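First the structure, in the form of structure tokens, and then the observations on it.
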Amino acid sequence: MSSTNEIAKEIAKTSDEERVVIIAETQTLGKGRIRRRWISPRGGIWLSIILRPRILSRDASKLTFIMSSTVANSIKRIFGLNAEVKWPNDVLVRSRKICGILTEISTRTGIVQFVIIGLGINANIDLLTFPRTLRKKVTSLKQELGYSVNLRRFTESLLCSFENNYKRFHRGEWHTLLSEWKALATFFGRQVKVTSLGETVVGEALDVGTDGALKIKLKDGTLREIVAGDLTLI
Ligand code: BTN
């Protein structure tokens with residue numbers, strides 16, 4: 001398959017179904033954030049979900065937070081690994097990326113028509129599969145556990161947990177869901193470098209606001225809020 005996000009978009013444009021899940025064994029054109037390529041060999045979990053929440057476009061990123069905390073909590077609960085989240089939408093184990101999320105939306109007059117949540121989890125993947133430059137930055141479930149996991153069982157459990165959290169979101173539990181995400185984050189109080197729209201900002205990560213923006217205190221004491229970007233710990 002080329003990219004589950006691309007296939008999901010095609011399906012979403014031609015039908016009004018929702019909660020459709022597209023799963024690939026491999027992807028030839030896997031996409032990451034900021035137009036990066038996403039390496040998707042056999043053994044990973046590469047999937048996209050079509051959702052049709054009745055929300056404004058500015059609230060769609062909340063679903064990414066909900067998905068990343070669902071993944072981190074599932075990895076903790078099922079495999080006992082110490083998973084954490086990194087703003088805005090990565091899941092890490094031992095500070096290495098194990099999961100990335102690419103959320104894409106289609107809107108009409110500020111209202112969401114559909115949301116595609118693309119989820120890539122390095123599950124049963126040998127690190128040697130990745131280019132040398134990435135090997136110190138990424139990990140997989142197999143690498144951390146020393147054995148291959150049951151992909152089907154893990155995916156089913158993950159999707160059930162996401163469905164529960166998605167329902168909680170619709171019941172107005174966003175603040176609790178965000179607190180759960182924050183409880184999985186270890187970068188608060190740390191010096192970070194954030195690149196956003198070509199600009200790089202360095203400072204202390206203070207908090208994530210209710211809109212999902214990262215609050216940073218710069219060296220000169222001024223406060224900045226960053227809506228989207230790439231965060232690195234210094
Ligand atoms: C990132 O961290 O940059 C996001 C990576 C998202 C990758 C997943 S794999 C399944 C879905 N299909 C894609 O083409 N991308 C997402």
Side-chain angles (χ1 to χ4, degrees), residues 1-13 19-51 60-72 74-75 83-106 114-125 127 129-131 133-142 149 151-152 154-156 158-159 162 181 184-185 187 192-197 212 214 226-233:
M1 197 182 281
S2 56
S3 153
T4 55
N5 265 39
E6 289 306 312
I7 308 278
K9 259 187 263 174
E10 288 311 311
I11 295 174
K13 280 181 203 157
R19 289 177 167 80
V20 178
V21 180
I22 294 95
I23 305 184
E25 285 189 343
T26 61
Q27 298 182 113
T28 51
L29 290 172
K31 298 191 307 175
R33 288 176 58 231
I34 333 175
R35 296 185 181 187
R36 291 186 187 131
R37 188 176 149 231
W38 184 261
I39 301 168
S40 321
R42 203 168 286 276
I45 296 172
W46 323 124
L47 65 82
S48 301
I49 309 174
I50 303 172
L51 298 173
S61 67
K62 293 176 178 173
L63 298 173
T64 314
F65 284 87
I66 295 171
M67 180 54 96
S68 57
S69 64
T70 302
V71 172
S74 298
I75 290 176
E84 53 188 89
V85 293
K86 191 185 84 165
W87 184 88
N89 53 9
D90 290 345
V91 179
L92 314 178
V93 171
R94 282 191 309 117
S95 306
R96 291 167 164 84
K97 184 157 167 169
I98 202 160
C99 163
I101 298 164
L102 176 65
T103 300
E104 298 184 272
I105 59 172
S106 167
F114 61 79
V115 179
I116 309 290
I117 303 188
L119 184 64
I121 304 177
N122 301 331
N124 296 334
I125 297 182
L127 287 198
T129 318
F130 290 102
T133 47
L134 275 184
R135 280 181 213 157
K136 284 203 174 114
K137 295 182 182 165
V138 301
T139 191
S140 68
L141 291 173
K142 185 178 175 188
V149 306
L151 294 181
R152 192 193 174 111
F154 180 52
T155 306
E156 279 172 3
L158 190 68
L159 292 175
F162 179 75
W181 183 90
L184 291 158
F187 60 89
V192 296
K193 185 173 90 178
V194 182
T195 310
S196 170
L197 302 170
L214 178 69
I226 302 178
V227 180
D230 240 7
L231 179 147
T232 322
L233 289 179

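The figures here come from the full heavy-atom set of this structure, side chains too, leaving out hydrogens, waters and symmetry mates. Counting convention: from 1, in listed order, for ligands and their atoms alike. Worth saying up front: this structure is predicted, and the values here are computed from it rather than measured.
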Classify the contact between Leu119 and ligand 1 as side chain, backbone, both or neither, using a heavy-atom distance cut-off of under 4.0 Å.
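It is the backbone that gets close, since no side chain atom is under 4.0 Å.
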Using the test side chain to side chain donor-acceptor pair (under 3.5 Å), find all partners of Lys142 that sit at least two apart in sequence or belong to another chain.
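So Lys142 forms a side chain to side chain donor-acceptor pair (under 3.5 Å) with Asp126.
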Hey, is CD on Glu156 packed in by over 12 heavy atoms from elsewhere, all under 6.0 Å?
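Result for CD/Glu156: enclosed.
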Distance in Å, Ser69 OG paired with Leu184 CG, rounded so as to fall on 0.5 Å steps
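Rounded to the nearest 0.5 Å, the OG-CG separation comes out at 6.0 Å.
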Over all heavy atoms of both residues, which pair between Gly100 and Asp90 is shortest? Give the atoms and the distance, please.
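Reported closest heavy-atom pair: CA-OD1, 4.3 Å.
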From the options Gln27, Glu104, Lys31, select the one residue that forms a side-chain hydrogen bond (donor to acceptor under 3.5 Å, both in side chains) with Asn5.
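When side-chain hydrogen bond (donor to acceptor under 3.5 Å, both in side chains) is applied between Asn5 and each of Gln27, Glu104, Lys31, only Glu104 qualifies.
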Nearest neighbour in protein (non-hydrogen) for [atom]:
| atom | result |
| --- | --- |
| atom 2 (O) of ligand 1 | Lys97 NZ, 2.6 Å |
| atom 5 (C) of ligand 1 | Trp38 CE3, 3.4 Å |
| atom 9 (S) of ligand 1 | Gln27 NE2, 3.4 Å |
| atom 11 (C) of ligand 1 | Thr4 OG1, 3.2 Å |
| atom 15 (N) of ligand 1 | Lys31 O, 2.7 Å |

Look at ligand 1 and say whether Ser40 reaches it with a heavy atom at a distance under 4.0 Å.
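Not so, Ser40 does not reach ligand 1.
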Name the option, out of Arg35, Met1, Arg33, that contains the heavy atom nearest to atom 1 (C) of ligand 1.
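Nearest heavy atom to atom 1 (C) of ligand 1 lies in Arg33.
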Suppose we screen for ring-ring contact (aromatic ring centres under 6.0 Å, His included). Which residues come up paired with Phe154, at least two apart in sequence or across chains?
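Residues passing ring-ring contact (aromatic ring centres under 6.0 Å, His included) with Phe154: Phe79.
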